[in-house]
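Okay, structure first, notes after.
Keep in mind it's a predicted model, so treat the numbers as computed, not measured. Every chain is numbered from 1, with letters handed out A, B, ... down the list of sequences.
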2 protein chains.
Amino acid sequence: MVSAETPTPRRRADAERSIARIVTAARVSLSRNPDATVDDIAKAAGVGRMTLYGHFRTRSELVERALVDALEAGDKVLADVDLGGDARKAMARLLASSWQLVAESAALLTAAQSVLPAGRLQDLHSDAAERVEGLIRRGQEQGVFRTDLPLSWLVSSMHYILNGAAQENRAGRLDATQATQVVAATVLSILSAPAAENLTTP
Amino acid sequence: MVSAETPTPRRRADAERSIARIVTAARVSLSRNPDATVDDIAKAAGVGRMTLYGHFRTRSELVERALVDALEAGDKVLADVDLGGDARKAMARLLASSWQLVAESAALLTAAQSVLPAGRLQDLHSDAAERVEGLIRRGQEQGVFRTDLPLSWLVSSMHYILNGAAQENRAGRLDATQATQVVAATVLSILSAPAAENLTTP
DNA sequence: ATTAGCTCGTACGGGAATGTACAGGTTAGC
DNA sequence: GCTAACCTGTACATTCCCGTACGAGCTAAT
């Protein structure tokens, strides 16, 4: 794994900086517009298109790299959050410190979906998904999260809400300051055990 | 308005049929893939590409026509649903008879978003949005729907959930038979007044 | 200071999709 | 049955984006 990470360590500091700028530019651009052009990304990175092709052979390769980068960042955040105690509060903490990041990744993910082979996506972000699933399961065991809906749907709907919040935020219809609270309130409502009067099939 | 609707009434029955097939094909194709080609749509309609261009001058024109058609269909369904009585049950009825349609329109809507001018979209589906808003407001007055989140967000999140359910359904991760119940349960959870223990900012 | 790596522009070729042009064949409507 | 409207295929111009090739200039590292 060590040799795989640095197959050719002969890289100038200068190039390393360019690559970093390109990857972050790709994350930003693709989160805003999944169809962003290679040229768009290069411009956003303040770099010539040919410089970009010097480091990434194809657009797909760049998209995958951006996704991996975003997922690693998300993983780091997830690892720093205390997921113990009351599952509801843990979820609120998790959302507060990561919703924006996850939302961006979600947009990037749809960008990757049309470029990367089918299974590649699930492979990449299976870790993150499992950790969220674990938290939800723990909440179910505590009796504070619902068990009347498929677990996979609970996770998916969380993603759709986060993605939606990001879109509304970009469209100027949802203030960034209140977005955190709105997201937490909405997601917790979805996850919580339903009151009796809301059951649709008694 | 009468003259605007039928500027050249001289159209053969045969052409009318083709147009209808093309529009429905466009709705189906664009709901599945927002980037569907004109050629794709023509093939789906069982019609030559040139026939299509005989009726629609540009792709945008076709996309808009498809969206209008879907919205009209949605409006018709909405009009047939009894929105009286308990707001929760009314919402459940509304979702049961329209979620699939709305979900498809949502996908089509994103297709239109990248083609039509900015304000055109809101103009087109403002009617439908207002009716849903009205139902939610009535639920708020009845005290069964929450008032701690922006109304616009409640409507938006409904759309994102519906759209998500459609995607999960297409991806084979959500059975069509249980989708109706899942959607209703999720949306009602979002709309319902939150229990005290779920409040994030007391 | 020399060298090897990096940057970047211009230019080119390939592919895909949109929209136009033309021309032969078919069909509805009077 | 005649006519005009309609369907259809092929072919073409245009545009956009991807990826490659070449080459000249700049910069980090030894």
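- For the pair A/F56 CZ and D/dC17 P, the interatomic distance rounds to 20 Å; values are reported in whole Å.
- In this structure, the CG atom of A/L52 is 13 Å from the P atom of C/dG9, given to the nearest Å.
- Taking a cutoff of 4.0 Å between a charged side-chain nitrogen and a carboxylate oxygen, B/K43 and B/D39 qualify as a salt bridge.
- Remark: the A/Q140 side chain and the A/T147 side chain contain no N/O donor-acceptor pair separated by less than 3.5 Å.
- Applying the 4.0 Å criterion to OP1 and OP2 of C/dT18, one finds that B/R59 has a side-chain N or O inside that range.
- Around CZ of A/R93, the count of heavy atoms belonging to other residues, nucleotides or ligands within 6.0 Å exceeds 12.
- Between B/S60 and B/A13, the residue whose closest nucleotide on DNA chain C is further toward the 5' end is B/S60.
- A straight line from CZ of A/R57 to C1' of D/dA21 spans 16 Å, rounded to a whole angstrom.
- Residue A/R49 contributes atom CZ, which lies 9 Å from atom P of D/dG19 at whole-angstrom precision.
- Contact check, A/H55 against C/dC6: no side-chain N or O comes under 4.0 Å of OP1 or OP2.
- Using a cutoff of 4.0 Å between basic side-chain nitrogens and carboxylate oxygens, A/R137 and A/E133 are scored as salt-bridged.
- A side-chain N or O of A/S189 and one of B/R146 form a donor-acceptor pair less than 3.5 Å apart.
- Along DNA chain D, the nucleotide nearest A/D14 and the nucleotide nearest B/I19 are compared for position; the residue whose nucleotide lies closer to the 5' end is B/I19.
- A/L30 places its CG atom 14 Å from the P atom of D/dC17, with the value rounded to the nearest Å.
- Of the two residues contacting DNA chain D, namely A/R17 and B/M50, the nearest-nucleotide position lying further toward the 5' end is that of B/M50.
- The interatomic distance linking B/R21 (CZ) with D/dT8 (P) rounds to 8 Å, in whole Å.
- At the heavy-atom level, B/T51 lies under 4.0 Å from base atoms of the strands shown.
- For D/dA29, its base never sits under 3.5 Å from the side chain of A/R12 at any donor and acceptor pair.
- For A/S18, no side-chain nitrogen or oxygen approaches OP1 or OP2 of C/dC6 to under 4.0 Å.
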